[in-house]
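Shown next, in structure tokens, is the structure this report addresses.
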Amino acid sequence: MKSREILVTNALPYANGPIHLGHMLENIQTDIWVRAMRMAGHEVHYVCADDAHGTSIMLRAEKEGITPQALIAGVLEQHRRDLSEFGVAHDWYSTTDSESNRALTYRIWKALVAGGHTESKPVKQLYDPVKDMFLPDRFIKGECPNCHSKDQYGDSCEVCGKTYNPTDLIEPYSVVSGAKPVEKESTHFFVKLADFDAMLQAWLKEREREGGLQSEVVNKLQEWFADGLRSWDVSRDAPYFGFEIPDQPGKFFYVWVDAPIGYLSSFRDYCAAWNARRPDTPLRFEDFVERDDAERMGTEMVHFIGKDIIYFHTLFWPAMLHGARLRTPTAVHVHGFMTVDGAKMSKSRGTFINARTYLDHLDPDYLRYYLATLLGPTLADLDLDLKAFEDRVNSHVVGKWVNIASRTAGFVHKFFGGKLADALPPEEARRYASAAERLSACAAMFEARDYAAATRLIVEVADEANGYVAEKAPWLLAKDESRRAELHVVCTLALNYFRLLAIYLAPIIPTMAGRVAGGLLGTTLCDFRDADAPLLGREIQPFTTRIDRIDPKKIEAMIEASKESLKPAEAGPVVAGAAAAAGSTVTSAATSKSSPSDPRPAGDGTKAGADSAASIISIDDFAKLDLRIGKVLACEFVDGSDKLLRFELDAGELGTRQIFSGIRAAYDDPPKLVGRNVVFIANLAPRKMRFGVSEGMILSAGSGGADLHLLDADPGATPGMPVK
RNA sequence: GGCUAUGUAGCUCAGCCGGUUAGAGCACGGCACUCAUAAUGCCGGGGUCGGUGGUUCGAGCCCACCCAUAGCCA
């Protein structure tokens with residue numbers, strides 16, 4: 001198959017609250033897709049960002065007594081950490097409150113203005129006379145005009161379900177100040193969607209035909225055309241946290257204008273960083289974004305979103321792009337929502353689970369696996385049934401898959417010096433080929449986002465593997481010395497079944513699959529084609545990597561902790577909204593503690609949000625680093641420190657180096673690291689520590705704490721070799 | 001209220017263009033095995049396919065209406 005170049009995004013989490021399991025559903029779905037497409041040989045760029053603007057953020061920052069910039073910077077850090085610890089491997093994670101996003105937003109707006117696709121007209125809206133601001137519907141409450149329930153929001157009644165206008169409320173009041181809102185007129189700016197009617201209908205049909213849009217999504221959108229596309233109000237009055245509209249002081253872009261543009265500006269920042277590091281193989285932003293370039297290059301742009309934000313992504317977004325002569329999305333993949341134990345996530349039941357709370361108790365790959373068994377290409381909602389979650393992960397992952405290796409590897413070490421057989425006899429070769437052939441269908445299932453089908457197939461083959469082992473009964477063969485060759489073959493095939501399954505499980509449970517396959521077989525899992533031929537004649541390691549079963553006590557503890565976590569957060573009704581939504585306009589228990597920090601740095605094209613991962617350096621800066629391969633000669637705990645490990649590295653021509661590294665939480669068995677090649681900075685100024693002098697720094701990936709992973713070099717790298 | 005979806009064994013789901021006794025996994029019961037993290041293998045019980053009516057030689061699958069659930073309604 002021809003290798004494709006794909007820009008992938010998932011919806012931007014709102015920077016007003018922590019990542020919760022609803023977000024994780026989407027991020028996991030997208031991440032599995034990205035990993036699978038890469039394993040199928042395609043080039044995928046996966047970016048995301050925080051959605052940082054809007055009234056909610058502004059008010060929340062005010063309430064906490066900090067600037068909105070400080071608020072979103074703190075949240076951004078949390079979001080990045082939570083997502084990366086779940087194994088969601090965004091290539092770039094930015095924020096919509098960046099200078100590059102401002103520039104792109106302005107460019108698109110100016111193109112729309114120049115094309116005559118905008119208009120302005122007066123709009124009457126409810127206004128808070130005390131706070132001096134216009135009130136979005138969700139910031140007005142009052143008595144429902146239909147059922148007379150008290151304290152209902154301005155757009156719909158949660159008791160009777162009736163939708164209405166905020167002006168219909170009886171005894172309305174502002175959620176912000178409590179004042180009675182008054183009607184006030186203001187000029188708003190609009191995008192004339194009707195200009196794009198024909199273009200959008202054609203685009204929808206074409207995308208549906210090519211599989212870029214689910215037909216139920218296109219069906220749903222028909223109602224918009226049936227009623228005739230109205231102009232879209234894209235402006236908000238000050239005070240508002242967002243981008244001011246060019247030449248219109250006091251008018252700001254509605255958050256939904258610059259949010260999707262954030263996909264592109266995040267990607268632009270990523271391209272800049274990429275090109276600084278790899279000028280020889282540049283990544284051209286234009287090839288993915290400019291209409292003509294994208295068409296010429298055949299690049300794709302794929303969005304993953306929740307069903308709540310369909311129309312933003314399939315009407316407004318393509319219209320804006322088209323109006324600005326930019327490429328439109330190749331695909332918008334829509335998923336349903338997650339419920340927990342059959343009901344909406346509920347704070348009081350403890351089923352409103354934040355990503356962090358989950359991570360405190362359970363391994364992220366468990367959830368990734370469980371969700372994969374449920375995820376299909378439809379908009380149907382998924383239920384996290386906690387009992388099923390426990391049972392299925394324990395049965396499939398541990399009982400079936402890991403068990404294959406765990407029950408056969410021992411024989412290989414006991415009788416065959418840890419080496420796999422050099423060849424398989426015809427029956428076993430046929431079995432392997434047939435399993436590989438059947439599993440190869442997984443690649444297409446992953447691409448079609450039918451992970452449930454892929455896991456079904458994987459489980460089927462795992463069952464077959466266990467059946468094979470039971471049928472051949474290696475424990476009986478082991479008792480008969482004359483049947484050693486047979487035993488060798490059985491274990492070799494079983495371990496190859498295991499490896500085969502690991503390859504196709506890798507997109508779903510990358511950490512577990514990588515750890516087990518790496519630890520036992522000494523192989524990496526990054527290409528589906530590795531499944532074509534079995535691993536033969538190869539030495540394997542003893543089976544020691546445990547994948548623990550889910551302990552139900554940990555699930556209980558997580559639920560308890562989720563109940564706890566909302567207690568300190570009752571800060572008042574900033575916004576409530578549909579709390580279970582997994583899309584981008586989600587708010588929830590406010591647990592972020594942003595430290596007071598400086599406001600936005602001067603706009604110079606670098607990312608705002610003030611943090612390390614993003615600023616751009618020149619090639620010269622990079623050249624200053626002397627990165628080297630070091631072979632671990634010794635590694636031990638450091639007395640008096642619970643964070644540090646002491647390393648002695650063989651640095652080749654540089655001699656030996658002593659380095660203290662704060663990775664003890666992630667590597668609690670230091671002798672195991674001896675013999676490994678690591679990457680370290682050789683020209684870092686030596687630093688005297690209480691325990692001795694540290695002569696460099698060892699590189700590891702991750703967010704800190706137990707989430708740190710040493711970098712490995714492929715065979716061929718020798719101590720002292722420079723890393724460039 | 002309108003629209004789009006969803007509703008199949010205790011649980012989570014699969015059922016291609018309507019076609020013989022409706023499938024899987026988990027859970028449950030029995031047997032076997034003891035290599036393996038009480039893991040695995042074999043056998044079994046369990047469903048009027050949300051409801052009602054209709055089209056058809058034949059419907060879980062098509063049509064109508066109803067009920068429940070979810071999301072959206074610029």
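Fair warning: this is a prediction, and the values are worked out from it, not measured in the lab. Throughout, protein chains are lettered first and strands after them, A, B, ... in sequence-line order, and every chain is numbered starting at 1.
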Calculate the interatomic distance between [X] atom [atom1] and [N] atom [atom2]; express it in whole Å.
| X | N | atom1 | atom2 | value |
| --- | --- | --- | --- | --- |
| Asn466(A) | G41(B) | CG | C1' | 9 Å |
| Ile550(A) | C26(B) | CD1 | P | 15 Å |
| Trp401(A) | U40(B) | CH2 | P | 15 Å |
| Glu26(A) | G71(B) | CD | P | 16 Å |
| Ile309(A) | G71(B) | CD1 | P | 14 Å |
| Glu390(A) | A27(B) | CD | C1' | 11 Å |
| Asn394(A) | U12(B) | CG | P | 18 Å |
| Leu384(A) | C11(B) | CG | C1' | 13 Å |

* To do: Report yes if a side-chain nitrogen or oxygen of Arg549(A) is closer than 4.0 Å to either non-bridging phosphate oxygen (OP1 or OP2) of A39(B); otherwise report no.
  =>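 For A39(B), OP1/OP2 do have a side-chain N/O of Arg549(A) under 4.0 Å.
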
* By a strict heavy-atom criterion of less than 4.0 Å, which residues belonging to residues 205-223 of chain A are in contact with RNA chain B? ->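 Of all residues in residues 205-223 of chain A, the ones placing a heavy atom under 4.0 Å from RNA chain B are Glu216(A), Asn219(A), Lys220(A), Glu223(A).
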
Starting the side chain at C-beta, find the nucleotide from [options] nearest to [X].
| X | options | value |
| --- | --- | --- |
| Ser406(A) | U37(B), C72(B), G41(B) | U37(B) |
| Val402(A) | C73(B), U37(B), G25(B) | U37(B) |
| Trp224(A) | A74(B), U37(B), C13(B) | A74(B) |
| Leu374(A) | G25(B), U37(B), U12(B) | U12(B) |

Provide the distance between the two [atom1] atoms, one in [N] and one in [M], to the nearest whole Å.
| N | M | atom1 | result |
| --- | --- | --- | --- |
| G1(B) | A14(B) | C1' | 35 Å |
| C62(B) | U55(B) | C1' | 8 Å |
| A64(B) | C72(B) | C1' | 25 Å |
| G45(B) | G30(B) | C1' | 10 Å |
| G51(B) | C11(B) | P | 15 Å |
| C49(B) | A22(B) | C1' | 8 Å |
| C26(B) | G50(B) | C1' | 24 Å |
| G58(B) | U21(B) | P | 14 Å |

* Asked: With a 3.5 Å cut-off and just heavy-atom distances, do the side chain of Asp391(A) and the base of A27(B) make a donor-acceptor pair?
  ->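 Checked by distance alone, the answer is no.
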
* Asked: Can a donor-acceptor pair under 3.5 Å be found between the side-chain atoms of Arg407(A) and the base atoms of A39(B)?
  ->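 In this structure, the two groups form no donor-acceptor pair.
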
Over all strands shown, is [X] touching base, sugar-phosphate only, or nothing at heavy-atom distances under 4.0 angstrom?
| X | answer |
| --- | --- |
| Lys387(A) | nothing |
| Val398(A) | base |
| Asn403(A) | base |
| Phe411(A) | sugar-phosphate |
| Asp463(A) | sugar-phosphate |
| Gly410(A) | nothing |

Can you list everything that forms a salt bridge (Lys or Arg N to Asp or Glu O under 4.0 Å) with [X]? Sequence neighbours excluded, please.
| X | value |
| --- | --- |
| Asp450(A) | none |
| Glu556(A) | none |
| Asp385(A) | none |
| Glu210(A) | Arg207(A) |

* Before giving the answer on side chain to side chain donor-acceptor pair (under 3.5 Å), spell out for His322(A) and Trp203(A) the whole-Å C-alpha distance, their side-chain angles and the decisive distance to 0.1 Å. => CA-CA 10 Å; His322(A) 186 82; Trp203(A) 178 78; over 6 Å; no

Taking 4.0 angstrom as the limit, do [X] and [Y] come out as a salt bridge?
| X | Y | value |
| --- | --- | --- |
| Glu460(A) | Arg438(A) | yes |
| Glu486(A) | Arg483(A) | yes |
| Glu216(A) | Lys220(A) | no |
| Lys307(A) | Glu26(A) | no |

* Asked: When you look at CD of Glu437(A), are more than 12 heavy atoms from neighbouring residues, nucleotides or ligands closer to it than 6.0 Å?
  ->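 Check fails, neighbour count at 12 or below.
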
* Taking the six-membered ring of Phe415(A) as reference, does the NZ or CZ atom of Arg484(A) fall below 6.0 Å from its centre and within a 45° cone about the axis? ->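 Here Arg484(A) passes the 6.0 Å and 45° test against Phe415(A).
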
Detail all sub-3.5 Å separations between protein N/O atoms and N/O atoms belonging to nucleotides 30-33 of chain B.
residue: C33(B); atom: O2'; partner: Trp475(A); partner atom: NE1; Å: 3.4

Contacts under 3.5 Å, N or O only, protein and nucleotides 45-47 of chain B:
none

* Side chains of Tyr468(A) and Glu428(A): donor-acceptor distance under 3.5 Å anywhere? ->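 Yes, because at least one side-chain N or O of Tyr468(A) sits under 3.5 Å from a partner of the opposite role on Glu428(A).
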
* **side-chain hydrogen bond (donor to acceptor under 3.5 Å, both in side chains) partners of Thr378(A), counting only residues at least two apart** =>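 Listed in chain order: nothing, the list is empty.
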
* According to the Watson-Crick and G-U wobble definition with distances under 3.5 Å, which dot-bracket string, read 5' to 3', encodes RNA chain B, using [ ] for crossing pairs and | for pairs with another strand? -> (((((((..((((.....[...)))).(((((.......))))).....(((((..]....)))))))))))).

* Residue met sooner reading RNA chain B from 5', once His396(A) and Asp233(A) are mapped to nucleotides ->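 Its nucleotide being nearer the 5' end, the pick is His396(A).
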
Parallel under 30°, tilted from 30 to 60°, perpendicular over 60°: which one fits the rings of [X] and [Y]?
| X | Y | result |
| --- | --- | --- |
| His335(A) | Phe337(A) | perpendicular |
| Tyr263(A) | His313(A) | tilted |
| His188(A) | Phe134(A) | perpendicular |

Could you write out each protein N or O paired with an N or O of nucleotides 67-70 of chain B at a distance under 3.5 Å?
residue: A70(B); atom: O2'; partner: Lys307(A); partner atom: NZ; Å: 3.3
residue: A70(B); atom: O2'; partner: Asp381(A); partner atom: OD2; Å: 3.0

* Can you tell me how far the CG atom of Asp381(A) sits from the CG atom of Leu374(A), to the nearest 0.5 Å? ->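 CG of Leu374(A) is found 11.5 Å from CG of Asp381(A).
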
* Please list, chain by chain and in numerical order, all residues satisfying side chain to side chain contact (heavy atoms under 4.5 Å, CB included) with Lys192(A), sequence neighbours excluded. =>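 Only Glu119(A), Asp195(A), Ser231(A) meet the side chain to side chain contact (heavy atoms under 4.5 Å, CB included) criterion with Lys192(A).
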
* Asked: Residues two or more places apart in sequence or in another chain: which of them pass side chain to side chain contact (heavy atoms under 4.5 Å, CB included) with Asn403(A)?
  ->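 Listed in chain order: Ser406(A), Arg407(A), Asn466(A).
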
